[in-house]
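All chains are named by letter (A, B, ...) in the order of the sequence lines, taking the proteins before the strands, and each is independently numbered beginning at 1. The figures that follow rest on heavy atoms only: side chains count, while hydrogens, waters and symmetry mates do not.
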Amino acid sequence: MAAALALHQSRSWLSAITTPLARMSLAAAFVPAFLTAPKPFSWAIPSLPSLLELFPPWLLAVPKKKTSHSRKAMRSANKGLKDKQNLVHCESCGSPKLAHNLCPKCYRELNIAWKAKNRTA
Amino acid sequence: MKHGVAFRKFSRTSSHRMLMLRNLVTSLLQHEQIKTTLPKAKDTARLAEKIITLGKKGDLTAFRRATGFLLDQSLVPKLFSELAQRYAERPGGYTRIHKFGNRPGDNAPHAILELVDNPRDLRFQMTARAVGWELLGKKVGQESLQSLTANGISDIEGIIEKEKIVPPEARGELRSVTRRNLQKVLRYQGSDAVEKMSRIAEDHVDTLLAQPLALKEIAAAKQEKKNKAAAFAGIRLKAGQTLPGGVRSTLHLAQGALGKENPGRWQWFTRRKLGVDKTSVWNQL
């Protein structure tokens with residue numbers, strides 16, 4: 001009950017300090033809500049509102065400027081698809097295939113021929 | 001660390017895993033060629049070879065063990081008669097795994113697992129076709145395409161019989177890799193296997209000769225309909241494709257016009273044993 005009340009107080013208090021004037025006066029008198037009112041111990045991870053109370057708004061990380069097109073492009077310079085080097089000719093049909101793998105074209109022909117033969121038989 | 005661990009877990013409990021592998025082995029013995037992921041194929045191959053060894057033993061204990069393992073009792077007679085006879089001379093290695101690219105849905109590496117010397121043995125088929133391709137590549141420069149189309153290649157069976165005996169690294173009609181495959185594939189098979197291989201090779205040679213002719217006819221038919229002047233004379237090849245008698249590697253072909261005429265390390269790019277590049281001969285049909 002006391003914990004719930006403290007939480008409610010902290011929430012209304014948080015909304016009050018978002019105004020610019022209130023932020024100035026807060027430097028010395030900042031006390032997190034979970035330290036004022038003692039809460040019963042539980043294994044649950046502290047919820048997001050209570051964690052955020054550790055960092056007042058002006059301490060949270062935020063990008064200063066929009067990343068420029070050029071910087072964004074530079075970052076994704078080495079994210080392109082890599083060329084495959086392990087390409088060879090199939091020894092029976094001459095089309096390109098992955099090295100040490102079956103030729104899909106030849107396998108397909110053989111499979112179709114086999115199934116056709118079995119269907120008629 | 002996973003040093004020296006022999007078995008895969010497949011993210012399944014031990015009972016589920018064992019049943020899955022039993023299912024795969026049963027399917028393999030039933031169909032003699034299955035497609036699955038590469039790690040599953042490797043574990044299935046290991047188990048399947050042990051079951052075939054039981055079939056070769058043939059006594060009551062082996063029969064009971066095999067019956068308890070396989071999930072389809074109608075396969076047990078096949079295991080103890082047909083497969084045991086097929087692999088009577090062969091000391092192990094009754095299965096073969098062919099890698100087969102990646103599956104589209106989850107990019108899992110796929111493989112074809114097959115019993116060696118089965119009626120649709122993939123290595124046998126590919127080796128026979130390779131024999132046809134190489135012999136055609138040799139003849140393309142020497143004879144005209146018209147005479148080749150009329151007569152085909154003579155006495156492939158004789159060439160195969162000769163290549164069976166030639167040592168792998170020596171010179172012969174075929175590339176050393178093809179010769180090695182030929183010898184391995186024909187080792188534990190009878191004389192009818194040679195006849196079967198030569199038939200497949202001849203059929204493949206006919207197919208290879210027929211394709212450009214058919215394409216030319218189609219192009220000519222289109223020409224008549226549209227009455228246009230310039231016709232594309234040669235064979236339109238797909239990207240990276242080569243023809244019998246071709247010598248440039250896939251990577252060299254992929255470079256296209258940006259590639260060098262004679263790459264620096266020429267000996268690694270050309271197959272000098274087959275001689276000069278004969279791709280241009282195919283345009284003279």
* To do: With a 4.5 Å cut-off on heavy-atom pairs, point out which of B/Val177, B/Leu208, B/Ile112 contacts chain A the most.
  => B/Ile112
* Residue A/Lys82 excluded, over 12 heavy atoms near NZ under 6.0 Å -> yes
* Using only heavy-atom distances, determine whether the side chains of B/Thr178 and B/Glu134 contain a donor-acceptor pair under 3.5 Å. => yes
* Structure fact -> Applying a strict 4.5 Å limit to non-hydrogen atoms, the region of B/Ala239 in contact with chain A is backbone
* Would you mind telling me which of B/Leu122, B/Val131, B/Leu136, B/Thr207 has the largest number of heavy-atom pairs within less than 4.5 Å of chain A? => B/Leu122
* To do: Identify which part of B/Leu253 has an atom lying under 4.5 Å from any heavy atom of chain A, answering side chain, backbone, both or neither.
  => side chain
* Segment of A/Lys84 engaging chain B (4.5 angstrom heavy-atom cut-off) -> backbone
* Structure fact -> Nearest heavy-atom contact between A/Ser92 and B/Met126 is OG-CE, 3.9 Å
* To do: Check each atom of B/Gln211 against the heavy atoms of chain A and say whether the ones under 4.5 Å are side chain, backbone, both or neither.
  => neither
* Structure fact -> In this structure, CG of A/Leu87 is separated from OG1 of B/Thr250 (nearest 0.5 Å) by 6.0 Å
* To do: Would you mind checking which part of A/Lys117 comes under 4.5 Å of any heavy atom in chain B, side chain (CB onward), backbone (N, CA, C, O), both or neither?
  => neither
* To do: Determine the minimum heavy-atom distance between B/Leu148 and B/Leu209, stating which atoms define it.
  => O-CD1, 3.7 Å
* Would you kindly say whether B/Arg120 and A/Asn111 are connected by a side-chain donor-acceptor distance under 3.5 Å? => yes
